[in-house]
Structures are given as C-alpha cells and as structure tokens.
Amino acid sequence: MLCQLGANDAQRLERDGERVVSAEETVRNFDLLRGRAGQARWVWLTPTDTDEQLAEYPPFKAAGISWRAADHAETAAALLKRPEAVIDTLSVTRPTPDRRLFEPDGVHLTSAGQVAVARIAVAELSRLD
C-alpha cells in the first residue's frame, strides 16, 4: 500500500494564518489510517515540497489559503520517524532556479516534478525486500 498525504492538512488560512489541520492531528490521522490497513505492506511517501516564491497565486489569494514549505518539511519529518518504509519525495522536489517542478500555484507538480517523484519512488521500492 502506497500512501502519500499530509500536504492538504498543512494548508493555512490566509498567508500567516493557522494550519487547517494541526501537525499533531496529522500524525494522529497517520496512525488511524495505518491501523485500518491490517497486514498490508505499507509504504509512506512524504508530501512534496512547495515553492513559496509562487505563493501569490491569485486563486489561492482570493480563497484566502496558502502553504508553507516548513509545514511540509514538518510532516515529512514525522513520517520519516515511523516504523514503516518511507520514501522521501520532499527532498527531490525542493525548488531550484534551474528546474521547473511546480505549476504556477507553487503546490502542484509539473510533469518534470512528477517524473522526479516517480524516479525516486521506483528506485526506493526496488530496494525494499
């Protein structure tokens, strides 16, 4: 079972507002979800990063929502502490000036970003016994 979630939990109301779901509640939700999977072989994927340089995306501003890279990093760190296998997609999607990994909203991945995630996922899954 591959599971990637937590990015929408880190959504904030307004640019500097509260998270929609606290970091603690997100971790609790991970526990609850994993507990329902029984004996399934579980692999987490961290949330991808976010490009805060694109945070002024007009539809998000109009809706009064935003994301912070630090919140995604906090969620990824919590996942990396879990006993199940974890694939770190956050680190391969860090924004850099020479790569266009994010759509204009700064949250969703371009095809290049999706390829980066697919490559790390395949590489890491091939290492699991």
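- Considering only heavy atoms from C-beta on, S66 stays 4.5 Å or farther from F60 through its side chain.
- The heavy-atom pair separating L128 from R41 by the smallest distance is CB-NH2, 3.4 Å.
- Of all non-hydrogen atoms in P47 and T75, the two that sit nearest each other are CG-CG2, 3.8 Å.
- Under the 3.5 Å distance criterion, the side-chain polar atoms of W42 are left unmatched by any main-chain donor or acceptor of A37.
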Does the side-chain contact (heavy atoms from CB on, under 4.5 Å) test come out yes or no for Q4 and T89, once each step is laid out? CA-CA 9 Å; Q4 181 180 41; T89 66; 3.2 Å; yes
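- Using a distance-only test at 3.5 Å, with no hydrogens or angles considered, no donor-acceptor pair links the side chain of D71 to the main chain of E74.
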Please assess L125 against L2 for the test side-chain contact (heavy atoms from CB on, under 4.5 Å), listing each intermediate value before the final yes or no. CA-CA 10 Å; L125 287 170; L2 297 176; 4.0 Å; yes
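- A distance-only check finds a donor-acceptor pair linking the side chain of T46 to the backbone of L90 [under 3.5 Å].
- Of all non-hydrogen atoms in P95 and T50, the two that sit nearest each other are CG-O, 3.6 Å.
- Here the shortest heavy-atom pairing between I87 and E124 reads CG1-CB, 3.7 Å.
- Inter-residue side-chain proximity for L109 and Q114 is flagged as met; some heavy-atom pair is nearer than 4.5 Å.
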Before giving the answer on side-chain contact (heavy atoms from CB on, under 4.5 Å), spell out for F102 and V107 the whole-Å C-alpha distance, their side-chain angles and the decisive distance to 0.1 Å. CA-CA 6 Å; F102 293 92; V107 175; 5.8 Å; no
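- D51 CG to R100 CZ: the interatomic distance, rounded to the nearest 0.5 Å, is 8.5 Å.
- Between R19 and D9 there is no salt bridge, since no side-chain nitrogen of the basic residue lies less than 4.0 Å from a carboxylate oxygen of the acidic one.
- Counting heavy atoms of neighbouring residues, nucleotides and ligands inside a 6.0 Å radius, atom CZ of R119 does not exceed 12 of them.
- L80 and V43 fall into different hydrophobic clusters, where Ile, Leu, Val, Met, Phe, Trp and Tyr residues are linked whenever their side-chain heavy atoms come under 4.5 Å apart, directly or through other members.
- Judged by distance alone, the side chain of H72 and the main-chain N or O of T48 form a donor-acceptor pair under 3.5 Å.
- Rounding to the nearest 0.5 Å gives a distance of 12.5 Å between CZ of F30 and NZ of K81.
- Between L45 and L5, every side-chain heavy-atom pair lies at or beyond the 4.5 Å cut-off.
- A salt bridge links R34 with E84: at least one charged nitrogen is closer than 4.0 Å to a carboxylate oxygen.
- By the 4.0 Å N-to-carboxylate-O rule, D16 lies close enough to R68 to be salt-bridged with it.
- For the pair L33 and C3, the minimum side-chain heavy-atom distance is below 4.5 Å.
- One finds the CD atom of Q11 at 4.0 Å from the CD1 atom of I65 (value rounded to the nearest 0.5 Å).
- In this model, a donor atom of one side chain and an acceptor atom of the other lie less than 3.5 Å apart for D88 and S91.
- Distance alone, capped at 3.5 Å, is enough to place a donor-acceptor pair between the E52 side chain and the A69 backbone.
- The CG atom of L101 sits 6.0 Å away from atom OG1 of T96, with the distance rounded to the nearest 0.5 Å.
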